[in-house]
Each structure stands twice: as structure tokens, then as C-alpha cells.
Amino acid sequence: MQSVLRYANQLHRLIHKSMQPLGEELQLSQLEMELLLFLWNNPELNTARDAVAYRGFAKSNVSTAVEALERKGWLIVEPDPSSRRVKRLHLCLEREAELNRLSLCQRDCLRVLTANFTQEEVETLHSLLDHISKNVAQALESLEGNRNA
């Protein structure tokens, strides 16, 4: 278990350290960058609720980040036509060059994870991670189902 915790901590630190200089240049916090990248990589998941559900961000932190990003000109927040309670988050097209830089920084950072791997090893890793993801989803479904019963 300690190796998994160490891996998770190292990955978090790697991402933070790799993105920190660009974040400082663009005057963005780590959470703001992660939220922008979530929206950039998943355009169909464009609500604060999606960011909370898929990335595990705290609801209050997302709310604060959305307000800051809207104020800084990175996001446009619009009510959903079918439900006024839902707000859709749209990336500002004027920031596409900076968003692309963030995406490239993220990709470079994640590329480190599989440096010196063969293509076969990368495919095996993806297969194993998919398997782990399914196991976790099933376990969570079981646990959350027991709680709601």
C-alpha cells in the first residue's frame, strides 16, 4: 500500500512542479489550470458538477476557481437552456494559444511516466489501468449502493 501512496504523491508533485512555471506566467493557480485542462480535454463535460464528479475537486474550490477564471477572461459561464440551475462552462476562444500551451505542458509531464517503455509495455499498462478502473468502479458502486439502501 505504501508504494501506491508514494506513487500517487510523486505523480501529484511531478504534475505540480512541471506546471508551476507556466501557471505563474499565466497567473493561474494549480486548480485553475487543472480545471481548464479538464474542460479542454473533455468538452462534453462542461459543468462544475462534472469537474467535481470526474476529478474529485471540492465543490467550493471549483466554484471559487470558476469565478476567478471567468473574471480573468478564461471562461464564459452560461445557464443551461433546459435547466437554469445548471451552468455551462465554455473556454474563451481568445485564450486558445495559452490553453494549447497548458495542454502541451500536461502532455509532456505525462509522457515522463512512460519514458523508455516499449509500445507493448505502454499498451499493457493501459490495459492494466483500465482493469483497475473497472474494479474500482464496481467496488464504489457496491459501496455506494449499500449506503443508499
Checklist entry - For Phe38, does its backbone N or O pair with a side-chain atom of Asn42 as donor and acceptor, under 3.5 Å? => result yes

Next on the checklist: Rounded at 0.5 Å granularity, tell me how far CD in Glu34 sits from CG in Asn61.
Outcome noted: 11.0 Å

Item to check | Whether Ser127 side chain and Glu123 backbone form a donor-acceptor pair below 3.5 Å | outcome: no

Item to check | Flag side-chain contact, heavy atom, 4.5 Å: Thr124 against Glu121 | outcome: no

Checklist entry - Cluster question for you: counting only ILVMFWY and a side-chain heavy-atom cut-off of under 4.5 Å, with indirect links fine, are Leu37 and Leu113 together? => result yes

Item to check | Hydrophobic cluster membership, Leu110 vs Leu102, 4.5 Å side-chain cutoff | outcome: yes

Checklist entry - Do the non-hydrogen side-chain atoms of Leu39 and Leu75 ever get within less than 4.5 Å of each other? => result yes

Checklist entry - Are the side chain of Asp108 and the backbone of Cys105 linked by a donor-acceptor contact shorter than 3.5 Å? => result no

Next on the checklist: Let me confirm one number: the OG-CH2 distance from Ser103 to Trp40, rounded to the nearest 0.5 Å.
Outcome noted: 6.5 Å

Next on the checklist: Quick check: closest heavy atoms across Pro21 and Ser18, and the distance to 0.1 Å?
Outcome noted: CD-O, 3.7 Å

Next on the checklist: Count I, L, V, M, F, W, Y as connected when their side-chain heavy atoms are under 4.5 Å apart, and connections chain through other members. Are Val77 and Leu36 then in the same cluster?
Outcome noted: yes

Checklist outcome for this item: All heavy atoms of Glu44 vs all of Asp50, minimum pair found to be O-OD2, 4.3 Å

Checklist entry - Is there a path from Leu11 to Tyr54 through hydrophobic residues (I, L, V, M, F, W, Y) whose side chains come within less than 4.5 Å of each other? => result yes

Checklist entry - Closest approach of Ala65 and Leu35, non-hydrogen atoms and distance? => result CB-CD2, 4.1 Å

Checklist outcome for this item: Rounded to the nearest 0.5 Å, the CG atom of Leu22 sits from the CG atom of Leu28 at a distance of 8.0 Å

Item to check | Heavy atoms of other groups near Arg88 CZ, more than 12 under 6.0 Å | outcome: yes

Checklist entry - Taking side chain as C-beta onward, heavy atoms only, is Lys87 less than 4.5 Å from Asp80? => result no

Item to check | Atom NZ of Lys59: over 12 foreign heavy atoms under 6.0 Å | outcome: no

Next on the checklist: Check Arg101 with Glu98, please: is the shortest side-chain N to carboxylate O separation under 4.0 Å?
Outcome noted: no

Checklist entry - About how many Å separate NE2 of His12 and NZ of Lys17, when rounded to the nearest 0.5 Å? => result 10.5 Å

Item to check | Nearest-0.5 Å distance, OG1 of residue Thr114 to CD of residue Gln119 | outcome: 9.0 Å

Checklist entry - What heavy-atom pair brings Ala68 and Glu32 nearest, and what distance separates the two atoms? => result CB-OE2, 3.2 Å

Checklist entry - Can you list the steps and then say if Cys109 with Leu14 is a side chain to side chain contact (heavy atoms under 4.5 Å, CB included)? => result CA-CA 7 Å; Cys109 179; Leu14 173 67; 3.7 Å; yes

Next on the checklist: Taking the side chain as everything from C-beta on, heavy atoms only, tell me whether Arg55 gets closer than 4.5 Å to Val62.
Outcome noted: no

Checklist entry - Does CD belonging to Glu96 count more than 12 external heavy atoms closer than 6.0 Å? => result no

Item to check | Verify same cluster id: Val66, Ile76 (apolar side-chain graph, 4.5 Å) | outcome: no

Checklist entry - Is the backbone of Gln27 close enough, under 3.5 Å, to the side chain of Lys72 for a donor and an acceptor to pair up by distance? => result yes

Checklist entry - Quick one: does Gln30's side chain get under 4.5 Å of Ile15's, heavy atoms only? => result yes

Checklist entry - How many angstroms lie between atom CG of Asn100 and atom CG of Leu104, to the nearest 0.5 angstrom? => result 4.5 Å

